[in-house]
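What's counted below: heavy atoms across the whole structure, side chains too, no hydrogens, waters or symmetry copies.
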Amino acid sequence: MTISFYRQYSRNTMIQFVFLISRQGKFRLTKWYSPYSQKERTKVIRELSGVILSRGPKLCNFVEWRGYKVVYKRYASLYFCMCIDQDDNELEVLEIIHHYVEILDRYFGSVCELDLIFNFHKDSLVETAKEHVGSISNIITPATN
């Protein structure tokens, strides 16, 4: 399964990047919509994970960072984070995050961190299995006729 967020969505909100991070600080998924070198990405990940993980649960879910806003929401053991432009609507981004979590829940049947680690390529496995079954039936059908 792939993330297919549109970098630009309703009312011209611009997503710079999206990432999912565990409470232990391990990154489970990243998607970059702006050009960052590998060195910059590593620095961003280290910096933002420290900021987000150190915040208390009663603080708001928005952080100003380097002229952008980072909007995050914790679901179970994962933080879902999006970096957006300073002028963009944080509440709209929280809704997008919530919608994405609902989609993952429907797809995996109550998604958890392990699903994202071990089952993230579930789509490709299902497609491969369908192709495999199709090729076997193509071999068996002529042999039985």
Considering residues at least two apart in sequence or located in another chain, which fulfil the side chain to side chain donor-acceptor pair (under 3.5 Å) criterion with Ser54? none
With Glu102 via side chain to side chain donor-acceptor pair (under 3.5 Å) - residues at least two apart: His98
Report the C-alpha distance between Leu48 and Phe19 in whole Å, list the side-chain angles of each, state the deciding distance to 0.1 Å, and finish with yes or no for side chain to side chain contact (heavy atoms under 4.5 Å, CB included). CA-CA 10 Å; Leu48 280 176; Phe19 62 82; 3.8 Å; yes
Going only through I, L, V, M, F, W and Y residues with side-chain contacts under 4.5 Å, is there a path from [X] to [Y]?
X: Leu29; Y: Leu78; value: yes
X: Ile21; Y: Tyr100; value: no
X: Phe62; Y: Val51; value: no
X: Ile52; Y: Tyr36; value: yes
X: Tyr79; Y: Tyr75; value: no

Would Met82 and Ile97 satisfy side chain to side chain contact (heavy atoms under 4.5 Å, CB included), going step by step from the backbone distance to the final call? CA-CA 8 Å; Met82 287 188 179; Ile97 291 171; 4.2 Å; yes
Results of ring-ring contact (aromatic ring centres under 6.0 Å, His included) for Tyr72 - residues two or more places apart only: none
Closest non-hydrogen contact found for Ser22 with Arg28 is CB-NE, 4.4 Å
Do you know which two heavy atoms are closest between Leu53 and Gly25, and how far apart they sit? CD1-CA, 3.5 Å
Phe17 and Tyr33: aromatic ring centres closer than 6.0 Å? no
For the side chain to side chain contact (heavy atoms under 4.5 Å, CB included) test, which of Ile15, Val63, Leu94 pairs with Val71? Leu94
What's the spacing between Ser49 OG and Lys26 NZ if we round to 0.5 Å? 12.0 Å
Hey, what do you get for SG (Cys81) to CZ (Phe27), rounding to the nearest 0.5 Å? 7.0 Å
Donor-acceptor contact present, side-chain Asn89 to main-chain Glu92, <3.5 Å: yes
Pairs meeting criterion salt bridge (charged side-chain N to carboxylate O under 4.0 Å, His left out) with involvement of residues 67-76, two or more places apart: Lys69-Glu90
In short, salt bridge (charged side-chain N to carboxylate O under 4.0 Å, His left out) pairs touching residues 48-66 with sequence neighbours left out are Glu47-Arg66
Output the rest of the hydrophobic cluster of Leu59: all Ile, Leu, Val, Met, Phe, Trp and Tyr residues reachable through side-chain heavy-atom contacts under 4.5 Å, sorted by chain and number. none
Any heavy-atom pair between the side chains of Arg41 and Lys43 that's under 4.5 Å? no
Checking Asp85 against Gln16 for the side chain to side chain contact (heavy atoms under 4.5 Å, CB included) test, could you report, in this order, the C-alpha distance in whole Å, the side-chain angles of both residues, the deciding distance, and whether it holds? CA-CA 8 Å; Asp85 290 339; Gln16 303 301 315; 2.9 Å; yes
